[in-house]
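Take a look at the structure below.
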Amino acid sequence: MNLILLGAPGSGKGTLAQLLSSELGVPHISPGDILREEVKKDSRLGKMAAPFMEKGELVPDVVMIKLMEQRMDEPDCEHGFILDGFPRTIPQAQQLDQFLSRSNKRIDFAVKFEVSEKCALKRLGGRRICSRCGADFNLYTKPPRKENVCDLCGGKLFQRKDDNEEVIYNRLKVYGEQTLPIEEYYNHQGKLLRINTENSPDMVLKEILEVLEA
Ligand code: ADP
Ligand code: ZN
C-alpha cells in the first residue's frame with residue numbers, strides 16, 4: 001500500500017503515520033524527520049535546509065525530490081510506504097507520480113487529515129519532544145508526569161525550533177498557499193480520502209483502516 005498523508009501542520013499526520021506504519025507493516029517516511037536529522041548532523045544538506053525550516057518555509061523542490069526519490073529507492077519501500085509530509089507542492093506531486101510510474105508503482109490513496117486551526121495551534125504550541133528517545137508529549141493533551149521530563153526514559157524535553165508562535169503561523173500560511181492545491185490534484189485522480197482527526201489517535205486509526213479496507 002502506497003499512502004500519502006496530507007494535512008496542515010498540527011493535523012496529527014506524524015502520530016498517525018507511526019500507528020499506520022506498524023499496522024500495515026510498511027515504512028513511515030517523514031521528510032521533516034529526515035531533514036531534522038541532517039540539521040543535527042550539520043551535513044551539507046542540513047546546512048542548506050536549516051534556514052528554510054527555521055522560518056517555516058519549504059525547502060526547494062529540486063532538493064526534496066532528489067532526497068525522497070533516494071529514500072523510496074531503499075529496499076524497505078518495496079512493498080509500500082507512508083509518506084508523511086511529501087509531496088507538499090504540485091511539482092513534487094507530479095515528479096512523484098513520474099518517479100513511481102518508472103517502476104510500475106503508483107499512489108493508492110492520499111488521506112487528508114482535517115483539523116480546525118484552533119486545534120492545530122494547540123497541538124503545535126503544546127508539543128514537547130524527548131531529547132533522548134524522541135517520545136512525543138503535549139502540555140495540553142498528553143502532559144509528562146513531571147514537568148519537562150520524559151515519562152519513558154527520564155530525558156529532558158524540548159520544543160521544536162519551528163513550534164514557536166510566529167513560525168507556526170507561517171507554516172500554516174505556507175500550507176494554505178503551496179500544499180492545499182495538491183488536494184485537488186489527488187481528488188482529480190479519485191484518490192483523496194478525508195478524515196476528521198480531532199478524535200483520539202486510536203479512533204482516527206480505526207477510521208482510516210475502515211476506509212482503506214472498504
Ligand atoms: P509540519 O508538517 O508540522 O510543519 P514537518 O516536520 O513535516 O512539519 O516539516 C518541517 C519542515 O521541514 C517544513 O516546515 C519544511 O521547511 C521542511 N519540509 C518538510 N517536508 C518538506 C517538503 N516536502 N518540501 C519542502 N520542505 C519540506
Ligand atoms: Zn525519552
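Heads up: numbering here begins at 1 and tracks the sequence. Both counts, for ligands and for their atoms, begin at 1 and track the order of listing. Reckoned from all heavy atoms, side chains included, excluding hydrogens, waters and symmetry mates.
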For [X], take its heavy atoms, then give the atoms of ligand 1 lying under 4.0 Å from any of them.
{"X": "Lys13", "answer": "2 (O)"}
{"X": "Gln92", "answer": "22 (C), 23 (N), 24 (N), 25 (C)"}
{"X": "Pro31", "answer": "20 (N)"}
{"X": "Glu57", "answer": "15 (C), 16 (O)"}
{"X": "Arg36", "answer": "6 (O), 10 (C)"}

Do we see a donor-acceptor contact under 3.5 Å between the side chains of [X] and [Y]?
{"X": "Glu38", "Y": "Ser43", "result": "yes"}
{"X": "Gln159", "Y": "Asn164", "result": "no"}
{"X": "Thr197", "Y": "Glu114", "result": "no"}
{"X": "Asp61", "Y": "Gln92", "result": "yes"}

(message) Can you tell me how far apart CD (Glu147) and CZ (Arg128) are? Round to the nearest 0.5 Å.
(response)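 Taking CD in Glu147 and CZ in Arg128, the distance rounds to 9.5 Å.
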(message) Would Arg171 and Asp163 count as a salt bridge (charged side-chain N to carboxylate O under 4.0 Å, His left out) here? Give the steps.
(response) CA-CA 9 Å; Arg171 282 157 64 202; Asp163 275 347; 2.9 Å; yes
(message) Quick one, Arg123 with Asp136, criterion salt bridge (charged side-chain N to carboxylate O under 4.0 Å, His left out). Give me CA distance, side-chain angles, the key distance, then yes/no.
(response) CA-CA 11 Å; Arg123 283 178 175 167; Asp136 243 29; over 6 Å; no
Which residue and heavy atom of the protein sit nearest [atom], plus the separation:
{"atom": "atom 3 (O) of ligand 1", "result": "Arg171 NH2, 2.7 Å"}
{"atom": "atom 23 (N) of ligand 1", "result": "Gly85 O, 2.8 Å"}
{"atom": "atom 17 (C) of ligand 1", "result": "Leu35 CD1, 3.6 Å"}
{"atom": "atom 20 (N) of ligand 1", "result": "Arg88 NH1, 3.1 Å"}

For ligand 1, note which part of [X] has a heavy atom under 4.0 Å away: side chain, backbone, both or neither.
{"X": "Arg160", "result": "side chain"}
{"X": "Met64", "result": "side chain"}
{"X": "Val59", "result": "both"}

Between the side chain of [X] and the main-chain N/O of [Y], is any donor-acceptor distance below 3.5 Å?
{"X": "Lys47", "Y": "Asp42", "answer": "yes"}
{"X": "Arg88", "Y": "Gln178", "answer": "no"}
{"X": "Glu183", "Y": "Leu192", "answer": "no"}

(message) Need one value: angle at the Zn ion (ligand 2), Cys133 atom SG versus Cys130 atom SG, rounded to 10 degrees.
(response)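 For SG of Cys133 and SG of Cys130, the angle centred on the Zn ion (ligand 2) reads 110°.
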(request) Please calculate the SG(Cys150)-the Zn ion (ligand 2)-SG(Cys153) angle and round it to 10 degrees. (result)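 Rounded to 10°, it measures 110°.
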(message) So is Lys55 touching ligand 1 or not, going by heavy atoms under 4.0 Å?
(response)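 It does not, in that no heavy atom of Lys55 comes within the 4.0 Å cut-off of ligand 1.
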(message) Tell me whether Asp33 has any N or O atom under 3.5 angstrom from an N or O of ligand 1.
(response)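 There is no such contact.
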